[in-house]
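What follows is a set of notes on a single structure, which appears directly below.
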6 protein chains.
Amino acid sequence: MTTERQLTHIDDEGRLRMVDVSEKDSTERIARARARMRLSEPTLAAVLDGKVPKGNVFEAARLAGIMGAKRTWELIPLCHPIRLTAVAIDFHVDRSAGMILIEAEVKTCDRTGVEMEALMAVTQAGLTIYDMCKAMDREMCIGDIELTFKSGGRSGTYSRA
Amino acid sequence: MTTERQLTHIDDEGRLRMVDVSEKDSTERIARARARMRLSEPTLAAVLDGKVPKGNVFEAARLAGIMGAKRTWELIPLCHPIRLTAVAIDFHVDRSAGMILIEAEVKTCDRTGVEMEALMAVTQAGLTIYDMCKAMDREMCIGDIELTFKSGGRSGTYSRA
Amino acid sequence: MTTERQLTHIDDEGRLRMVDVSEKDSTERIARARARMRLSEPTLAAVLDGKVPKGNVFEAARLAGIMGAKRTWELIPLCHPIRLTAVAIDFHVDRSAGMILIEAEVKTCDRTGVEMEALMAVTQAGLTIYDMCKAMDREMCIGDIELTFKSGGRSGTYSRA
Amino acid sequence: MTTERQLTHIDDEGRLRMVDVSEKDSTERIARARARMRLSEPTLAAVLDGKVPKGNVFEAARLAGIMGAKRTWELIPLCHPIRLTAVAIDFHVDRSAGMILIEAEVKTCDRTGVEMEALMAVTQAGLTIYDMCKAMDREMCIGDIELTFKSGGRSGTYSRA
Amino acid sequence: MTTERQLTHIDDEGRLRMVDVSEKDSTERIARARARMRLSEPTLAAVLDGKVPKGNVFEAARLAGIMGAKRTWELIPLCHPIRLTAVAIDFHVDRSAGMILIEAEVKTCDRTGVEMEALMAVTQAGLTIYDMCKAMDREMCIGDIELTFKSGGRSGTYSRA
Amino acid sequence: MTTERQLTHIDDEGRLRMVDVSEKDSTERIARARARMRLSEPTLAAVLDGKVPKGNVFEAARLAGIMGAKRTWELIPLCHPIRLTAVAIDFHVDRSAGMILIEAEVKTCDRTGVEMEALMAVTQAGLTIYDMCKAMDREMCIGDIELTFKSGGRSGTYSRA
C-alpha cells in the first residue's frame with residue numbers, strides 16, 4: 001500500500017476549482033446582458049412578418065433563453081447551481097439595418113451573482129433565432145454579447161457606460 | 001450603429017416570461033396530485049403478479065415519478081428551479097376495474113409552490129407504467145390528472161372537493 | 001477474496017432491464033398520441049384571447065412538447081435513446097366545452113418505436129398549459145392520454161378504433 | 001363528448017415544429033464556426049500566463065465547448081438529436097489587441113447538419129472564458145459568432161467569404 | 001482588425017478533443033464491467049431483508065445504473081453520444097463477507113464502443129446502494145471497478161483474465 | 001367510478017421514497033471522499049508527461065468531477081437537489097506504483113449533506129481518467145471509493161479512521 005509520503009501532489013497552481021461561496025451572504029442579485037444579431041433584410045422581414053417556416057421566432061427564442069438561463073450551471077463548468085427567481089427577455093429590432101437587439105434580465109436571491117445566467121439567456125435566444133432562420137440566411141452574425149448591469153453582492157453595482 | 005431611437009420593441013403584450021418571485025417569502029409548501037390509469041384486466045394482473053417482462057412496474061414507476069419531479073423546472077419552460085425537500089408516490093389499485101390510482105406528495109421550502117412537481121410526479125409514474133406494459137396492451141389510458149391539495153404561499157390552502 | 005461459488009444471484013425474475021433491440025431493424029417508425037385537457041370556460045377564453053399573464057400558451061406548450069419528446073429516454077427509465085426525425089404538435093379547442101385536444105406525431109428511423117415519445121409530447125404540452133393557467137384555475141384536468149396510431153417495426157400498424 | 005366537428009384548429013400558420021428529416025440521407029456532415037472575444041490586455045495576459053484564480057482557462061473552455069456541442073439538441077428547441085462523431089476547438093490569440101479567436105469543427109454522419117453544434121461549441125467556450133475571467137474584467141465582449149464552413153447534405157458546401 | 005498573421009495558436013499539443021470516429025464502421029459492440037461493494041454484515045442483511053428505510057435497494061440501483069449508462073456521454077467529457085440498444089445489470093452477494101458484486105452488460109450498434117457506459121452502469125448502481133444505506137453505514141467502500149469484456153470494433157475482443 | 005373502499009394499497013413497506021428533510025435546518029455541510037485508481041506504469045507515465053492523445057487528463061478529470069458533483073441529484077434517484085457552494089478536486093500520484101489518489105471536497109449550506117456529491121466527484125474524475133487512457137490500457141481499476149470526512153447536520157462530524 002502506498003503511504004502518504006510517497007505521493008506527489010499534482011498541479012498546485014492553476015488547477016480548476018469551483019470557487020467557495022459558503023461565506024457569502026444570500027442577497028438579491030440582478031444582472032442584465034445583451035446581444036446584437038445581424039440578419040439580412042429579407043430574413044428579418046420574414047421573422048417580423050411571421051413567414052419563417054419553422055414558426056414563431058421570437059416566442060421560441062424567448063423560451064430558449066429562459067430555459068437556457070436555468071441550465072447555466074450545467075453547461076458552464078465552474079458556475080454554481082442557483083435558483084433563479086425571475087428571467088425576462090426582450091427584443092428590439094431595426095428593420096432597415098437588419099438588426100435584433102436581445103436583452104435579458106435575471107434575478108436570484110443567493111450567494112453568487114447571475115451575470116452568466118443573463119449572458120446565457122441572450123446567447124441561447126440568439127442561437128435559436130439563428131437556428132430558425134439558417135435555411136434562409138447563412139451570413140447571420142451574433143455579436144456584442146456583453147454584461148450591461150449587475151447589482152447585489154460584495155462587488156456592488158455595475159452599469160456599462 | 002443603430003441608436004436606441006430607431007429600435008422597435010417586439011411583443012409588449014403576451015410575451016413569455018418567468019414570473020418574478022423575488023419578493024415572495026420562502027415558506028414550506030406542499031402539493032398533492034393524482035392520476036388514474038386504465039389497463040385491461042390481464043395487463044393489471046401481470047403488473048400485480050410480477051409477470052411484466054421488463055421488471056417490477058411499481059418500483060420503476062415510483063423512481064421515475066420521483067426523478068421526474070426533481071426535473072420539472074427543466075421541462076416545464078416557465079417553472080422556477082426549486083429544491084424539493086420530499087417526494088413520495090403511492091399506488092392504489094382496483095384489480096377488477098383495471099384501474100391504478102397514482103398519488104404524489106411533494107414538499108419544498110421556497111418562494112414558489114410545487115403543484116407542477118406533484119403533477120409531473122404522477123405523470124411520469126403513469127408514463128413509466130405505460131412504457132413497461134405497452135407490449136401487452138395498447139389501449140391503456142392515463143387520465144384524471146389533477147391537483148388535489150396545496151398549502152403554503154400567499155394563495156393559501158386548496159383542497160379539491 | 002470471495003469466489004464465484006459463494007455468491008448468491010439476486011432477483012432472477014422480475015428484475016428491471018432495458019430490452020435488447022440489437023437484432024431489430026432500423027426502419028421508419030411513426031407514432032401519434034393525444035390528450036384532452038379540461039379548463040373552465042373563462043380560463044380557456046383567456047388562453048384563446050392571449051390574456052394569460054405568463055404569455056402565449058400554445059407556443060410555449062408546443063415547444064415544451066417538442067423538447068420533452070426529445071428527452072423521453074432520459075425520463076422514462078427503460079426507454080432507449082433514439083434520434084427523432086420529426087415532432088409536430090397540434091391543438092384543437094372546443095371553446096364552449098372548455099376543452100383543448102392535444103395531438104402529437106413523432107417520427108424516427110431506428111430500432112424501436114416512438115410511442116412513448118408521442119405520449120411524452122402531449123403530456124408535457126398539457127402540463128405546460130396547466131402551469132401557465134394555474135394562477136387562474138386550479139380545477140383543470142388532463143385526461144384521455146392515449147396512443148392513437150403507430151406504424152413500423154415488427155408489430156405492424158395500429159390505429160385506435 | 002366533444003365531436004370532431006365542433007373543434008377549432010389552432011394556429012394553422014406560424015406554428016413551431018421540428019422539421020421532418022425522415023426522407024433525408026444519412027451522410028457525413030461537417031460544420032465550422034468561430035467567435036471573437038475581446039478582453040482587456042491585463043485579463044488576456046492573466047489567461048495566457050496561467051494566473052487566473054479559477055484555473056486553466058483554455059482547457060476549461062475547450063471542454064465546455066465540446067460538452068455544450070453534444071447538448072445542442074437539448075437547448076436549441078427545434079434542433080434534432082444527432083450523434084456527433086468529432087468535436088475540436090481551437091484558440092488563437094492576439095495578445096496586444098486583447099483578442100481570442102475561438103474556432104470549432106464538428107462532424108456527424110446523420111440526416112441533418114451540425115451548424116448549430118459548431119456555433120454552440122464556440123459560444124459555450126466563449127462564455128466559459130468569460131466566467132473564469134469575470135472577477136477581473138466586466139467589459140469583456142463576445143462577438144462575431146458566425147458559421148465559416150459547412151459541407152454535406154442537399155444544400156452542399158458553403159464557405160464564408 | 002486582427003489579421004491571421006498576428007494570431008498565436010494556443011496549445012498545439014495536449015489539447016482536449018473528442019476523437020474523430022467518422023471513419024469507423026457502425027458495428028455491434030458489447031461491453032461488460034463489474035464493481036465490488038463492501039458493506040458491514042448488518043447493512044447487507046438490511047438490504048437483503050428489505051429493511052432499508054429508503055426502499056428496495058436493488059431495484060433502485062438497477063434503474064440508476066441503466067439510466068446512468070444512457071447519460072454517459074453527458075458526464076464523461078470526451079465520450080461520444082451513442083444509442084444504447086441494451087443495458088442489463090446483475091447483482092450477486094456474499095452475505096457473510098458483506099460483499100455485493102455488481103455486473104453490467106451494455107450493447108450498441110455504433111462507431112465506438114460502450115466500455116464507459118458499462119463502467120458508468122456499475123458505478124451509478126454502486127453509488128445508489130451507497131446512498132440508500134449511508135444512514136446505517138459510513139464505512140462502505142466501492143472498489144474493483146473494472147472492464148471484464150468487450151467485443152466489436154477494430155481492436156477486437158478483450159476478456160479480463 | 002371506483003370508490004376509495006375498493007382500492008388496494010400497493011407496497012406499504014419497502015417502497016422507494018425521497019426522505020423528507022423539510023424539518024432539518026439549513027446548515028453548512030462539508031464532505032470529503034477519495035478513490036484510488038490503478039494504472040500500468042507506462043499509462044501513468046503518459047498521463048504525467050502529457051502524452052495522452054485525448055489531451056490533458058487531470059484538467060479534464062477535475063472538470064468532470066466538478067460537473068458530475070453538481071448533477072448528483074439527477075443521477076442518484078433519491079438524492080435531494082441541493083446547491084453546492086464549493087467543489088475542489090485533488091490528485092496525488094505514486095508514479096512507481098501506478099496509482100492516482102483522487103480526493104474531493106464538497107460544501108453546501110442546505111438541509112441535507114453532500115456525501116454523495118463528494119463520492120460522485122471522485123467517481124466521475126476517475127471514470128474520465130479511465131476514458132482518456134483506455135486506448136492504452138484496459139487493465140485499469142478504480143477502487144477504494146470511500147467517504148473520508150463529513151461535518152454538519154444532526155449526525156455530526158465523521159472522520160474515517
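Every chain is numbered from 1, with letters handed out A, B, ... down the list of sequences. Any value given below was found using the heavy atoms of this structure, including those in side chains, with hydrogens, waters and symmetry copies removed.
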With a 4.5 angstrom heavy-atom cut-off, could you sort out which part of [X] is near chain C: side chain, backbone, both or neither?
X: B:R138; value: both
X: B:T72; value: neither
X: B:M132; value: side chain

Salt-bridge criterion met for [X] and [Y] (N-O under 4.0 Å):
X: C:R111; Y: C:E23; value: no
X: C:R32; Y: C:E103; value: no
X: B:E115; Y: C:K134; value: no
X: B:D49; Y: B:R95; value: yes

Problem - Greatest number of heavy atom pairs closer than 4.5 Å to chain B - which of C:D131, C:L75, C:T128 - result: C:D131

Out of [options], which one racks up the most heavy-atom pairs below 4.5 Å with chain C?
options: B:M37, B:M67, B:M140, B:M18; value: B:M140
options: B:L119, B:L127, B:L147; value: B:L127
options: B:L78, B:V19, B:V57; value: B:L78

Problem - Approximate separation, where rounding is to 0.5 Å, of B:I100 CD1 and B:C133 SG - result: 7.0 Å

Handout entry: Side chains of B:S155 and B:K150, donor plus acceptor under 3.5 Å
Key = yes

